[in-house]
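Contents: one structure, followed by commentary.
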Amino acid sequence: MVYSRITGTGSYLPARVVTNKDLEKTLDTTDAWIRERTGIKRRHIAAEGETSADMGLCAARKAIEMADIDVAEIDLIVVATSTPDKVFPSTACIMQRQLGIHGSPAFDIQAACSGFIYVLDIANRLIQTGGAKTALVVGSETMSRIVNWQDRGTAVLFGDGAGAVILQACEEPGILSTHIHSDGQYENLLEVPQGISSGFDTVRDGGAYIRMNGNAVFRKAVAMLGSAAKEILSKNGIDKSEVDWMVPHQANLRIITAAAKKLDLPMERVVVTVDEQANTSSASIPLALDTAVRDGRIMSGHLLLFGAFGAGFTWGSALVRY
Ligand code: ACO
């Protein structure tokens, strides 16, 4: 039996930091409100011209270095992003060129904030069925490009960044299981209501910016994170007490806290980066993972529970022996 395991992690945050105090200058909001309702203190914002591929590449190089592999060994590149550099080619193909890799499959997946769980699921299955041996799996987002900076209800929530893992074939299971779900009936609760086939219009529906029913998304998010975690633990016959670290999608500290409470997981075993990075959509789980790996919290042999939800709605989970 072939399994896959994470052998390297990497992440990247743009240099520019925008604090809540900075946002006070342009929005009718306060640092206190943002901290209390979301737990967010600051976010990183991409420089002009800095793209999802650029950030993904920086994260990928760090993951490649940690895995101690030659770039030429990578035979699959999958990138989760809702903010690709171009309509085509894919961000994955752009990164493939930047890395100097030729011939391996490279493609993007769009599953909003659950994107990283989706690409992990796909890469894991391809490795298990012999389609690849060494996969570069990335989440990278320039959310600042689709944020309406005049809308205090959403502008305070998001940030830019990228995270990456190297997933390699092995004899012992690293990825124990992954579960992905969608329900398109919630389309209007969280969307960027513009696209290629419907035609970009800078005026219609408020422009190509994130639009969200915050309260409804909040309630759904807590329920989905909780049910995704319960589903994966029960399918693997694992008790929550065996989980060393929960690494959830970083949307809002209150959502994370409520989901951890539902699972009876103490916050000491939950990786939180939303305070420093805000919501980086599909990049948030690999960013949080890399942060906790590099600061020594996550160690070899630890059991990790990833959980995510996002527009669609999409949601999913992964159980990983690191
Ligand atoms: N500063 C000050 N006041 C604000 C701000 C702000 N930035 N934003 C909203 N308010 C006001 C509202 O206008 C409202 O005022 P009113 O009572 O006079 O009408 C009041 O604060 C309360 O608004 P609510 O929306 O009820 O506030 P809530 O406690 O629900 O918090 C929030 C809002 C933070 C958006 C919350 O609903 C939330 O986190 N939802 C989930 C968001 C999320 O996670 N989205 C992304 C998930 S999926 C993905 O990652 C893409």
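All heavy atoms count here, side chains included; hydrogens, waters and symmetry mates do not. The shown structure was predicted, so the numbers you read here are calculated from the model rather than taken from an experiment. Counting starts at 1 for both ligands and their atoms, following the listed order.
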Give the minimum heavy-atom separation between Val138 and Val119, together with the two atoms involved.
O-CG2, 4.0 Å

Ligand 1 atoms in contact with Thr38 (distance to a heavy atom under 4.0 Å)
34 (C)

With a 4.0 Å cut-off on heavy atoms, is Gly153 touching ligand 1?
yes

At under 4.0 Å between heavy atoms, what of Thr154 touches ligand 1? The answer is neither

Protein heavy atoms: any of them under 4.0 Å from atom 34 (C) of ligand 1?
yes

Lys21 with Asp31: basic N within carboxylate O range, under 4.0 Å:
no

Find all atoms of ligand 1 within a distance of less than 4.0 Å from any non-hydrogen atom belonging to Phe309, and give their numbers and elements.
47 (C), 48 (S)

Salt bridge or not for Arg42 and Glu276, using N-O below 4.0 Å?
yes

Between Asn252 and ligand 1, which part of the residue brings a heavy atom under 4.0 Å of the ligand: side chain, backbone, both or neither?
side chain

How long is the gap from CD1 on Ile232 to CD1 on Ile238, to the nearest 0.5 Å?
8.5 Å

Is Arg61 salt-bridged to Glu65, going by a charged N under 4.0 Å from an acidic O?
no

Heavy-atom pairs closer than 4.0 Å: do any link ligand 1 to the side chain of Asn215, the backbone, both, or neither?
both

State whether Asp264 and Lys261 are salt-bridged, where the test is any N-O pair (Lys NZ or Arg NE/NH1/NH2 against Asp/Glu carboxylate O) under 4.0 Å.
no

Residue, atom name and distance, where the atom is the protein heavy atom closest to atom 1 (N) of ligand 1
Thr29 OG1, 2.6 Å

Quick one: look up the protein heavy atom nearest atom 10 (N) of ligand 1 and list residue, atom name and how far away it is.
Trp33 CZ2, 3.4 Å

Protein residue, atom and distance nearest to atom 51 (C) of ligand 1, heavy-atom basis
Cys113 SG, 2.6 Å

Numbering as shown, the atoms of ligand 1 that approach Val156 to under 4.0 Å (heavy-atom distance):
7 (N)

Taking atom types as modelled, find out whether Gln194 and Arg204 have a side-chain donor-acceptor pair closer than 3.5 angstrom.
yes

Among protein heavy atoms, which sits nearest to atom 15 (O) of ligand 1, and what does the distance come to when rounded to 0.1 Å?
Arg152 NH2, 4.1 Å

Using a 4.0 Å cut-off to any heavy atom of Ala251, which atoms of ligand 1 qualify?
44 (O)

Does atom 18 (O) of ligand 1 have any protein heavy atom closer than 4.0 Å?
no

Member of Gln250, Glu141, His249 meeting the side-chain hydrogen bond (donor to acceptor under 3.5 Å, both in side chains) criterion with Ser284:
His249

How far is atom 31 (O) of ligand 1 from its nearest protein heavy atom, and which residue and atom name does that atom have?
Arg254 NH2, 3.5 Å

Numbered in order shown, the ligand 1 atoms found under 4.0 Å of a heavy atom of His249 are 49 (C), 50 (O)

To which protein heavy atom is atom 27 (O) of ligand 1 closest, and what is the distance rounded to 0.1 Å?
Arg37 NH1, 3.2 Å

Would Asp108 and Thr81 satisfy side-chain hydrogen bond (donor to acceptor under 3.5 Å, both in side chains), going step by step from the backbone distance to the final call?
CA-CA 7 Å; Asp108 292 357; Thr81 187; over 6 Å; no

Does any donor atom in the side chain of His302 or Ser300 lie under 3.5 Å from an acceptor atom in the other side chain?
no

Among protein heavy atoms, which lies nearest atom 40 (N) of ligand 1, and at what distance?
Gly214 O, 3.0 Å

Let me confirm one number: the OG-CD distance from Ser90 to Gln110, rounded to the nearest 0.5 Å.
13.5 Å

Please confirm whether Ile255 approaches ligand 1 to less than 4.0 Å, judged on its heavy atoms.
yes

Separation between CG of Leu76 and CG of Leu126, rounded to the nearest 0.5 Å:
5.5 Å

Which ligand 1 atoms does Asn279 reach within 4.0 Å, using its non-hydrogen atoms?
46 (C), 49 (C), 50 (O)

Identity and separation of the nearest protein heavy atom to atom 48 (S) of ligand 1
Leu190 CD2, 3.3 Å

Candidates Tyr186, Trp315, Tyr118 - the one meeting ring pair (Phe, Tyr, Trp, His ring centres under 6.0 Å) with His181
Trp315

